[in-house]
Amino acid sequence: MVTEAEHVLGIPAQVFTCVLSYTFLLIVAAAVFVVWYIRDSLKVDDIDKKHVFVTGCDSGFGNLVAKQLDRQGFHVIAACLTESGSTDLRTAASPRLKTVLLNVTDSASIERAVEMVRRETGERGLYGLINNAGRSIPIGPTEWMQPEDFRKVMDVNLMGLIEVTLKFLPLLKKAKGRVVNVASILGRLALVGGGYCLSKWGVECFSDSLRRDMRHFGIKVSIIEPGFFKTAVTRLDLIEADLQRLWDRLPSDIRNSYGPKYLEEYNKAQSFSMNILCSSDISKVTSCMQHALTAKHPRTRYGAGWDAKLFWIPLSYLPAFIGDFVVDVLLPTPKQC
Ligand SMILES: *[C@@H]1O[C@H](CO)[C@@H](O)[C@H](O)[C@H]1NC(C)=O
């Protein structure tokens, strides 16, 4: 028997309470999101009085973000590895943008760049440092590598980034500035051998300790984790040419254990996945960099690209055997296995 008292607005009381509590939870969640969204949208002032130093501006993310920040009114100092990269960028930007030649594996070259930035920024100090310079090659099966193959990539992507950051810290402290480090989803998931994933895991780690140590001085640190994008880092012609070099120098017993067709199958699988995965809209990455510099409250981590946000980063939280399975699906199996 159901009595009148157990009904509210003609609905059984239990159902009514349940609906009410779910509605309440939904309202709380929506309110939290709105507060987060507003906080995330707040911007810093005086962009025209701020200097930003970007590494790796010859092409790709660095080249595009330098132009975008220049258009936004920042004083951009764009570091390029090559003279031609630097000339092309100056032609495409406003006269405010300055370029400097920088090889992040060469201490003297870093010191020259710091000296130039010190002169440019004067009493203001450096507001933003975007550590973007990176390389991927040699990249491929671990057994095909020699220690120097790891070192080539680690020297640029990790040791270079660390040295650049350390040498700019005094200027960044002066401006209570920001560091934006380009890591990768491969800094969370080691999908391929060679120095690239190692270096990007290192960038994640260095950035976390830097953030925790320097927050007391007002320095903010953000990490960008791009998925797969069409840049020099994912250029298949260069990756395949270098894989051929690694394959050709393998002792024949190792090569035999993979089978004669392995390199060809590997290249085919790699180009198939890269063609599906690589997005040409690199502005997805540069808009994260811009947010990290212009937001009052920059985020700690930015996943850039749908593949990073919806697939790779969630996968990095799952048990390792699921990642192992994904790699097994993507890459061919050696003959002897
Ligand atoms: C960068 O500097 C290193 C160390 O000084 C040197 O070996 C390398 O050739 C340089 N790279 C370029 C592209 O100049």
Side-chain angles (χ1 to χ4, degrees), residues 52-67 76-93 97-120 126 129-140 144-169 171 179-184 186-187 193-203 206 226 229-246 248-249 282:
V52 179
F53 184 82
V54 189
T55 70
C57 292
D58 303 74
S59 65
F61 307 145
N63 186 273
L64 181 61
V65 83
K67 290 181 208 158
V76 177
I77 304 161
C80 298
L81 183 61
T82 65
E83 191 67 66
S84 64
S86 133
T87 314
D88 292 349
L89 180 54
R90 275 202 308 274
T91 317
L97 180 140
K98 303 253 162 54
T99 59
V100 61
L101 284 183
L102 173 67
N103 174 344
V104 299
T105 64
D106 176 353
S107 300
S109 168
I110 297 176
E111 264 147 38
R112 281 195 296 275
V114 172
E115 213 28 69
M116 182 261 194
V117 173
R118 197 196 317 278
R119 281 197 308 274
E120 287 290 324
L126 180 63
L129 166 62
I130 302 185
N131 281 310
N132 162 77
R135 63 177 289 167
S136 57
I137 294 169
I139 191 165
W144 301 7
M145 302 283 164
Q146 292 295 319
E148 72 262 19
D149 296 312
F150 286 88
R151 220 169 278 129
K152 266 186 216 159
V153 180
M154 298 285 283
D155 278 350
V156 175
N157 295 9
L158 183 59
M159 294 316 296
L161 178 145
I162 292 175
E163 188 170 348
V164 168
T165 307
L166 294 180
K167 293 212 166 116
F168 274 114
L169 272 186
L171 295 180
V179 181
V180 181
N181 288 337
V182 180
S184 167
L186 294 178
Y196 192 78
C197 298
L198 269 176
S199 69
K200 295 300 186 180
W201 283 62
V203 170
F206 174 71
F229 287 91
K230 281 204 179 78
T231 67
V233 159
T234 52
R235 259 185 66 181
L236 279 173
D237 55 334
L238 302 179
I239 293 175
E240 285 176 12
D242 193 67
L243 277 169
Q244 186 72 52
R245 174 186 71 91
L246 301 179
D248 290 343
R249 87 176 170 189
I282 64 172

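In listed order, ligands and their atoms are each counted from 1. Excluded from the calculations below are hydrogen atoms, water molecules and symmetry mates; all remaining heavy atoms, backbone and side chain alike, are included. Remember, predicted model here, so these are calculated numbers, not experimental data.
- Ligand-side atoms of ligand 1 in range of T105: 1 (C), 2 (O), 3 (C), 4 (C), range being under 4.0 angstrom from any heavy atom.
- Protein heavy atoms are absent from the 4.0 Å sphere centred on atom 9 (O) of ligand 1.
- Ion pairing of E115 with R112 is absent here, as no side-chain N (NZ or NE/NH1/NH2) approaches a carboxylate O to less than 4.0 Å.
- Annotation for ligand 1: atoms under 4.0 Å from non-hydrogen atoms of N103 are 1 (C), 2 (O), 3 (C), 8 (C), 10 (C), 11 (N), 12 (C), 14 (O).
- I130 contributes atom CD1, which lies 8.5 Å from atom OG1 of T55 (distance to the nearest 0.5 angstrom).
- For M159, the CE atom counts as loosely surrounded, since its 6.0 Å shell holds 12 or fewer non-hydrogen atoms of other residues, nucleotides or ligands.
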Query - Candidate pair V100 and F53, rule side chain to side chain contact (heavy atoms under 4.5 Å, CB included), full reasoning - result: CA-CA 10 Å; V100 61; F53 184 82; 3.8 Å; yes
